Amino acid sequence: MNTVRVRFAPSPTGYLHVGGARTALFNWLFARQHKGVFVLRIEDTDLARSTQEATQAILDALEYLGLDWDEGPKKEGDYGPYYQSKRLELYREYAQRLVEQGRAYRCYCPPEELEQRREEQIKRGEPTHYDRSCLHLSAEEEARYQAEGRIPVLRFRSLDEGVTEVDDLIRGSVRFDNVAQVDDFVIMKSDGMPTYNFAVVVDDALMRITHVIRGEDHLSNTPKQIQIYEALGFSVPKFAHIPMILGPDRALLSKRHGATSVTQFKKDGYLSTAMVNYLALLGWSYDDAQTLFSVPELVEKFSLEKVSKNPAVFDIQKLEWMNGVYIRELSLEELFDEVLPYWQEAGFVPAEISPELKDYCLRILQELQPRFKLLAEAVDLARYFFTDDYQYNPEAVEQVLTKPQVEEILEYAAEAVASVPELDEKHLKPLFKEGLAKFGVKMGGLIQPLRVAVTGTNVSPGIYEVLALVGRDRALQRIERTLKMLKERS
RNA sequence: GCCCCCAUCGUCUAGCGGCCUAGGACAUCGCCCUCUCACGGCGAAGACACCGGUUCAAAUCCGGUUGGGGGUGCCA
């Protein structure tokens with residue numbers, strides 16, 4: 001029984017995109033389920049666009065998602081190195097082998113000229129193919145080109161007949177006509193770096209990858225890669241092309257659709273559990289009933305057979321809902337750990353938290369827990385618990401504090417708050433109720449003004465809980481302050 | 001242009017010839033709970049793209065059309 005070996009091979013040209021994260025997740029789940037190996041390989045052959053920062057960002061994002069790799073950067077295995085830029089000798093060696101076999105040749109055609117020929121082919125309704133003008137160069141011609149300072153690329157000599165079949169685990173058999181679909185593509189660039197289609201084959205073969213799970217955008221290039229596998233005598237891995245992720249406009253998901261970087265989702269306060277659960281459901285499903293899956297459950301239940309074939313629109317609303325679900329599942333201690341960085345950044349709490357302060361935070365979180373979907377929201381929701389320095393919400397003031405008798409009502413409420421032995425529902429509610437008849441209002445008519453006075457807004461946890469947390473002194477001060485503000489307004 | 005993939009509620013999907021008057025989840029809209037907002041509960045609305053076949057029977061199989069996506073790069 002061969003062990004399953006899969007890989008995620010991002011190119012470090014930017015942050016980890018949710019599409020890439022989903023691909024990484026599917027590979028990881030497949031590896032873990034089969035007790036296989038998950039390899040991380042950095043495809044940094046694009047010298048112009050690859051950066052060290054991007055590599056780090058991708059590593060961090062994977063760590064946040066909990067997708068640990070068995071071989072890769074900082075985790076050397078038997079098939080390294082795991083950066084393509086450190087594997088150049090390998091590509092040159094195999095390229096040379098192809099040249100010797102007559103399956104690769106140098107091409108000196110200038111890019112502009114190639115572009116022109118391509119346009120002409122389109123005009124004539126033909127597929128766009130390299131015309132092989134450098135296939136049979138004489139030694140004299142080569143010498144002349146080199147004297148001109150032209151630097152060649154290496155092209156793969158593709159098959160002249162037949163069909164290349166991709167046996168895809170998700171899509172079944174997909175057939176490509178060799179002549180019409182696979183032209184003599186470049187395998188080594190003039191800067192000496194391999195192209196994607198070549199490097200990916202050499203690496204996947206040498207790293208003994210058994211299953212290539214990747215985005216559907218790679219399906220059309222697969223016959224090219226298979227021809228290389230075969231030319232080099234490598235065994236061809238199994239392929240599984242997973243559907244693309246689209247934006248709401250059904251175009252490929254990209255930055256212009258908003259946040260697509262995993263790092264950004266983390267900053268906004270998405271829990272990795274929610275992120276992973278949601279991503280797993282983009283293109284995969286288990287049955288007609290279950291939508292919530294823990295990571296161990298995903299490892300157990302995931303299967304390529306149940307990956308869908310059609311592209312999926314990224315639905316941020318569903319992700320948000322799911323994040324709310326996971327926030328509510330957290331214990332208060334866990335929620336505290338998640339929210340703490342946000343509160344610290346907002347200056348609500350210091351770096352060092354006393355036990356008393358932590359207890360206060362936990363009590364706040366108990367009230368807030370069912371009320372937010374993103375961790376970042378915990379800042380605005382909790383502001384009035386930590387500081388008196390907040391603005392009154394204008395709509396709240398307009399809606400609630402302009403009603404007749406508000407000042408009297410607030411004064412009444414203040415007396416109640418001041419007189420009660422304990423700031424809780426048991427003691428306050430009877431007093432509040434007594435006042436209702438006097439002012440001819442219902443409970444909301446008293447509580448809403450009080451809420452705005454004490455929190456600055458008309459949306460908060462239950463008033464008794466808020467009062468208990470804010471405390472008698474602060475509550476009375478704030479009512480005083482509100483009364484003063486109202487007098488100044490009129 | 002050429003080639004490949006795909007097609008069930010707005011979205012993610014279940015469905016692999018009869019169990020479907022098509023199920024679930026998000027979103028939407030009602031109602032309940034209620035001091036506001038959430039949470040929670042109940043309910044409603046909402047889809048098999050179209051046209052031909054095959055079959056006793058099709059969302060499910062086949063072909064076409066249309067639509068969407070991808071590839072076609074010295075990007076990956």
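Numbered from 1 within each chain, the chains take letters A, B, ... in sequence-line order. No experiment lies behind these values; they were computed from the predicted model shown.
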Scan A:K306 against the nucleic acid and name what it touches under 4.0 Å (heavy atoms): base, sugar-phosphate only, or nothing. sugar-phosphate

Mind checking if A:T45 touches a base, just sugar-phosphate, or nothing, with heavy atoms under 4.0 Å? sugar-phosphate

P gap between B:A45 and B:G30, integer Å: 15 Å

A:E216, nearest nucleotide to its side chain (from B:C74, B:C5, B:C6): B:C5

Can you figure out which of B:C12, B:C3, B:A76 approaches the side chain of A:F176 most closely? B:C3

Picking from B:U13, B:G73, B:A27, which would you name as closest to the side chain of A:W321? B:A27

Take atom P in B:C6 and the same atom in B:G10, then report the distance between them in whole Å. 23 Å

Using only modelled atom types and a 3.5 angstrom limit, is any donor from either the side chain of A:R371 or the base of B:C39 paired with an acceptor on the other? no

Sugar-phosphate only, base, or nothing, as touched by A:P111 at under 4.0 Å among non-hydrogen atoms: base

Do A:Q225 and A:N197 have side-chain N/O donor and acceptor atoms under 3.5 Å apart? yes

Interatomic distance, A:R214 CZ vs B:G70 C1' [rounded to whole Å]: 13 Å

Taking for A:T128 and for A:G444 the nucleotide of RNA chain B with the nearest heavy atom, the one nearer the 5' end belongs to A:G444

Closest to the side chain of A:V313, out of B:A38, B:C74, B:U11, is B:U11

Please state the P separation for the pair B:G68 and B:C9 - nearest whole angstrom. 16 Å

A:E377 versus A:Y342, side-chain donor and acceptor atoms under 3.5 Å: no

Calculate the interatomic distance between A:N458 atom CG and B:U36 atom P; express it in whole Å. 11 Å

Compute the centroid of each ring, for A:F302 and then for A:F26, and state whether the two points are separated by less than 6.0 Å. yes

Nearest to the side chain of A:D288 - B:A14, B:G70, B:A27? B:A14

A:N310 CG to B:C48 P, straight-line distance once rounded to whole Å: 16 Å

Among the nucleotides B:C39, B:U11, B:A76, whichever has the atom closest to the side chain of A:P370 is B:C39

In terms of the angle between their ring planes, are A:F293 and A:Y286 parallel, tilted or perpendicular, with boundaries placed at 30° and 60°? perpendicular

Base, sugar-phosphate, or nothing: which does A:G324 touch, judged by heavy atoms less than 4.0 Å apart? nothing

Of A:M244 and A:R175, the one whose closest nucleotide on RNA chain B sits nearer the 5' end is A:R175

Contact class for A:G462 vs. all strands (heavy atom < 4.0 Å): base, sugar-phosphate, or nothing? base

Taking only the side-chain heavy atoms of A:M443 (C-beta and beyond), determine which of B:A76, B:C35, B:C5 contains the nearest atom. B:C35

Using a 4.0 Å heavy-atom cut-off, does A:S285 contact any base of the nucleic acid, only the sugar-phosphate backbone, or nothing at all? sugar-phosphate

Just checking A:E126: base, sugar-phosphate only, or nothing, at a heavy-atom cut-off of under 4.0 Å? base

Whole angstroms only, please: what is the CZ-C1' distance between A:R250 and B:U66? 15 Å

Side-chain H-bond candidate by donor/acceptor type, A:Q227 with A:N178, under 3.5 Å: yes

Base, sugar-phosphate or nothing for A:A312? Non-hydrogen atoms, less than 4.0 Å. sugar-phosphate

Between the base of B:G24 and the side chain of A:T291, is there a donor and acceptor pair under 3.5 angstrom? no

Interatomic distance where CD belongs to A:E465 and C1' belongs to B:C37 [whole Å]: 13 Å

Is A:S220 near enough to B:U72 that one of its side-chain N or O atoms lies under 4.0 angstrom from OP1 or OP2? no

Counting the benzene-type ring for Trp, do A:F314 and A:Y278 have ring centres under 6.0 Å apart? yes

Quick one: A:K373 NZ to B:C26 P, roughly how many Å, whole number? 11 Å

Closest of B:C75, B:U72, B:A27 to the A:R49 side chain is B:C75

Picking from B:U11, B:G71, B:U36, the nucleotide nearest the side-chain atoms of A:R451 would be B:U36

Would you classify A:H241 as touching base, sugar-phosphate or nothing, given that sugar-phosphate means primed atoms plus P, OP1 and OP2, and contacts are heavy atoms under 4.0 Å? nothing

Is the closest side-chain donor-acceptor distance between A:K403 and A:Q448 under 3.5 Å? no

B:C2 and B:G73: how far apart are their P atoms, nearest whole angstrom? 16 Å

Quick check for you: among B:G73, B:C3, B:C75, whose closest atom lies nearest to any side-chain atom of A:R118? B:G73

For B:U13 and A:S308 - does any side-chain N or O of the residue sit under 4.0 Å from the phosphate oxygens OP1/OP2? yes

Gap between atoms CG and P, on A:L219 and B:U72 respectively (whole Å): 12 Å

How long is the line joining CE of A:M322 and P of B:U11, in whole Å? 18 Å

